[in-house]
**Q** 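Sharing a structure below in structure tokens format, with a few things to ask.
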Number of protein chains: 2
Amino acid sequence: MAGQHTLNETESEVASRLGGLKLDFEAMAVTSNLFRAANSVRNHLERTVLAKSDLTWTAFVVLWVVWIWEPIETRGIAAEGGFSKATLSGVLTTLEGRGFLTRERSTSDGRLVLVSLTPAGRRLMKKLFPEFNAEERNITRHITTGDLPQAAQILRDLISATE
Amino acid sequence: MAGQHTLNETESEVASRLGGLKLDFEAMAVTSNLFRAANSVRNHLERTVLAKSDLTWTAFVVLWVVWIWEPIETRGIAAEGGFSKATLSGVLTTLEGRGFLTRERSTSDGRLVLVSLTPAGRRLMKKLFPEFNAEERNITRHITTGDLPQAAQILRDLISATE
DNA sequence: CGATAATCGTTCGGGCCCAAATTATCGGCA
DNA sequence: TGCCGATAATTTGGGCCCGAACGATTATCG
């Protein structure tokens, strides 16, 4: 939203549209930049690291969560990854079809489904995750305002304000 | 990704999976929280402000960009909103069908399409945007680490690192 | 001028995304 | 034991999302 125009250009345009209504431009800048940043980082990582394995961002997150916590229940993956169970079901089917993970009904509770990686899934993550993390480091080292833990904390503040 | 588990739990699990490979956990925390924050804020604003007008986040961003810069070319909306032209085409068709905006082929350059709001679209934004901004303010006031301009700058650093 | 390259918006195919409805299972309680 | 509300995962339906391919238009340059 703050694309090729400067913040001031946008602000004066907005102000003229609203005829002097009181607006919080600092809050606007934060949410606007939050989305541009998230999308930009996501697309960048998909192109630079994930594309060669034909993985989407969400598929990678699912594999990562399962890799760390296997065996893990479906609801746990959704909560950990931050998307709905409906979304997850489709992604699991995709990844199961590619042979990266398995679904198995729990014996102690017939409602639960336990997800685990296959050996191929584990091999993929062992190769991919270090590359992914190297690129994460590469991106975040451009943060010159404050330090990284502070950046992480600001984002956590936003999460707790909305969850 | 940093859901119900603490960062330390996740870190030790990751470390055990990678057997001592060097990882940048601070960078991990930033990108992980970036996505949780963006999704969380998006879902929150969709539920609290946008749902009553039956608008998705992206549809709202499109309306906002057109509202500020009309008449604006399709490519401009996509660049300003941060999504692909393919995505935009579908959203424009949806919003055009609901009578919030119009498409018009440019007379000076037959390749371009100029988008403008209808009176109904302008009425909608005039009502909706102040509500939206009030909720943005409500969310961002929970940022206690540093100040808002600093938060915006950190996010801009991430954008410029990946665009 | 005419061929060729560049640019713009759309369409297509496959995948993600969510709320609501659905199916199956579990737990409690008379 | 038999019902009944709660819980888990999936399916459904509508919409967003992108890269690649496409048709139309414009710009370039010999």
Side-chain angles (χ1 to χ4, degrees), chain A residues 35-36 38-48 50-63 71-79 81-98 100-115, chain B residues 35-36 38-40 42-48 50-63 66 71-79 81-98 100-115:
Chain A
F35 282 92
R36 294 191 66 82
N39 284 328
S40 183
V41 169
R42 176 187 181 133
N43 289 338
H44 177 83
L45 286 169
E46 283 186 342
R47 281 194 302 263
T48 57
L50 268 28
K52 74 166 81 72
S53 303
D54 195 26
L55 288 177
T56 63
W57 174 271
T58 305
F60 178 77
V61 171
V62 169
L63 287 175
I72 182 174
E73 302 153 9
T74 294
R75 57 179 174 173
I77 304 173
F83 28 74
S84 71
K85 287 189 300 175
T87 298
L88 181 61
S89 271
V91 177
L92 283 180
T93 300
T94 299
L95 291 174
E96 194 176 21
R98 292 192 196 169
F100 290 137
L101 52 78
T102 58
R103 282 194 256 216
E104 185 189 4
R105 194 156 291 275
S106 167
T107 53
S108 63
D109 187 336
R111 296 169 298 181
L112 300 177
V113 168
L114 298 175
V115 181
Chain B
F35 283 91
R36 294 191 68 83
N39 284 329
S40 183
R42 175 188 181 132
N43 289 338
H44 178 83
L45 286 170
E46 283 186 340
R47 281 195 300 263
T48 57
L50 269 27
K52 74 166 81 70
S53 302
D54 195 27
L55 288 177
T56 63
W57 174 271
T58 304
F60 178 76
V61 170
V62 169
L63 288 175
V66 176
I72 182 173
E73 303 154 9
T74 293
R75 58 178 173 174
I77 304 173
F83 30 72
S84 71
K85 288 188 300 176
T87 297
L88 181 60
S89 270
V91 177
L92 283 181
T93 300
T94 298
L95 291 173
E96 194 176 21
R98 292 191 195 171
F100 291 137
L101 51 78
T102 58
R103 283 194 256 216
E104 184 189 4
R105 194 155 289 275
S106 167
T107 53
S108 63
D109 187 336
R111 295 170 297 184
L112 299 177
V113 168
L114 298 176
V115 180

**Q** Nearest to the side chain of Thr87(A) - dT26(D), dC16(C), dG15(D)?
**A**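 So the side chain of Thr87(A) is nearest to dC16(C).
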**Q** Using modelled atom types and a 3.5 Å cut-off, is there a donor and acceptor pairing between side-chain atoms of Ser106(A) and backbone atoms of Ser108(A)?
**A**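 Checking the backbone N and O of Ser108(A) against the side chain of Ser106(A), a donor-acceptor pair under 3.5 Å is found.
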**Q** For a quick test of reading the model: is some side-chain N or O of Thr58(A) closer than 4.0 Å to OP1 or OP2 of dC17(C)?
**A**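 Thr58(A) to dC17(C) OP1/OP2: side-chain N or O found under 4.0 Å.
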**Q** Once you apply a heavy-atom cut-off of 4.0 Å, does Arg42(A) come out as touching a base, just sugar-phosphate, or nothing?
**A**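 If one applies the 4.0 Å heavy-atom cut-off, Arg42(A) turns out to touch the sugar-phosphate alone, with no base involved.
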**Q** To the nearest Å, give me how far apart CD (Glu73(A)) and C1' (dA24(C)) are.
**A**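 Result: 16 Å.
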**Q** dC17(C) P sits how many Å from Glu46(B) CD, rounded?
**A**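 In whole Å, dC17(C) P lies 13 Å from Glu46(B) CD.
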**Q** What nucleotide, of dC16(C), dC16(D), dT26(D), holds the atom closest to the side chain of Ala59(B)?
**A**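 Closest of the options to the side chain of Ala59(B): dC16(D).
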**Q** For Arg103(B) and dT10(C), is the shortest distance between a side-chain N/O and OP1 or OP2 below 4.0 Å?
**A**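 Result: yes.
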**Q** How close or far is atom C1' of dC17(C) from atom CZ of Phe35(A), stated in whole angstroms?
**A**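 Atom-to-atom, Phe35(A) to dC17(C), this comes out as 14 Å.
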**Q** Verify the contact: side-chain N or O of Thr94(A) to OP1 or OP2 of dC16(C), cut-off strictly under 4.0 Å; return yes or no.
**A**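 Indeed, a polar side-chain atom of Thr94(A) lies that close.
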**Q** Could you go through Leu101(B) and Leu92(B), starting from their C-alpha distance and side-chain angles, then the distance that decides it, and tell me whether this counts as side-chain contact (heavy atoms from CB on, under 4.5 Å)?
**A** CA-CA 8 Å; Leu101(B) 51 78; Leu92(B) 283 181; 3.9 Å; yes
**Q** Would you say Arg111(A) places a side-chain N or O within less than 4.0 Å of OP1 or OP2 belonging to dG27(C)?
**A**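 Checking dG27(C) against Arg111(A), no side-chain N or O comes under 4.0 Å of OP1 or OP2.
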**Q** Select from Leu88(B) and Gly110(B) the residue whose nearest nucleotide in DNA chain D is closer to the 5' end of that strand.
**A**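 Its nucleotide being nearer the 5' end, the pick is Leu88(B).
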**Q** Between the protein and nucleotides 11-13 of chain D, list the N/O to N/O atom pairs that are separated by less than 3.5 angstrom.
**A**
none

**Q** If we call it a pair only when both distances are under 3.5 Å in a Watson-Crick or G-U wobble match, what pairs with dG30(D)?
**A**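 Partner of dG30(D): dC1(C).
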**Q** Starting at CZ of Arg105(A) and ending at P of dA9(D), how long is that distance when rounded to a whole Å?
**A**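 Those two atoms, CZ and P, are 8 Å apart.
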**Q** Could you walk me through whether Thr58(A) and Thr56(A) satisfy the side chain to side chain donor-acceptor pair (under 3.5 Å) test, starting with their C-alpha distance in whole Å, then the side-chain angles of each, then the deciding distance to 0.1 Å, before giving a yes or no?
**A** CA-CA 5 Å; Thr58(A) 305; Thr56(A) 63; 4.9 Å; no
**Q** Below 4.5 Å, heavy atoms only, C-beta onward: do Phe83(A) and Val91(A) meet side chain to side chain?
**A**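 Sidechains of Val91(A) and Phe83(A): no contact.
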**Q** Assign Ser84(A) to base, sugar-phosphate, or nothing according to its heavy-atom contacts below 4.0 angstrom with the strands shown.
**A**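 Answer is base: heavy atoms of Ser84(A) come under 4.0 Å of a base.
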**Q** Rounded to whole angstroms, how far apart are CG on Asn43(A) and P on dC18(D)?
**A**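 Taking atom P of dC18(D) as the reference, CG of Asn43(A) is at 6 Å.
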**Q** On DNA chain C, compare the nucleotides closest to Val91(A) and Ser106(A); which residue's is nearer the 5' end?
**A**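 Result: Val91(A).
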**Q** Can Arg103(B) and Thr93(B) be counted as having a side-chain donor-acceptor contact under 3.5 angstrom?
**A**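 Looking only at side-chain atoms, Thr93(B) and Arg103(B) do form a donor-acceptor pair, the distance falling under 3.5 Å.
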**Q** Looking at dC16(D), I'd like to know if its phosphate oxygens (OP1 or OP2) sit under 4.0 Å from a side-chain N or O belonging to Thr56(B).
**A**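 For dC16(D), OP1/OP2 do have a side-chain N/O of Thr56(B) under 4.0 Å.
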**Q** Could you tell me the separation between the CD1 atom of Ile77(A) and the CG atom of Leu63(A), rounded to the nearest 0.5 Å?
**A**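 CG of Leu63(A) is found 9.5 Å from CD1 of Ile77(A).
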**Q** Nearest whole Å is fine: how far is dG15(C) P from Leu63(A) CG?
**A**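 After rounding, the reported distance stands at 15 Å.
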**Q** From CG of Leu112(A) over to P of dA6(D), roughly how many Å is that when rounded to an integer?
**A**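 Interatomic distance, CG of Leu112(A) to P of dA6(D): 18 Å.
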**Q** For the residue pair Asn43(A) and Glu46(A), establish whether any side-chain heavy-atom pair is separated by less than 4.5 Å.
**A**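 The answer is yes; the side chains approach within 4.5 Å.
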**Q** Tell me: CH2 of Trp57(B) to C1' of dC16(C), nearest whole Å?
**A**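 Atom-to-atom, Trp57(B) to dC16(C), this comes out as 18 Å.
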**Q** Are the side chains of Val115(A) and Glu73(A) in contact, using a 4.5 Å heavy-atom criterion?
**A**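 Glu73(A) does not reach Val115(A) side chain to side chain.
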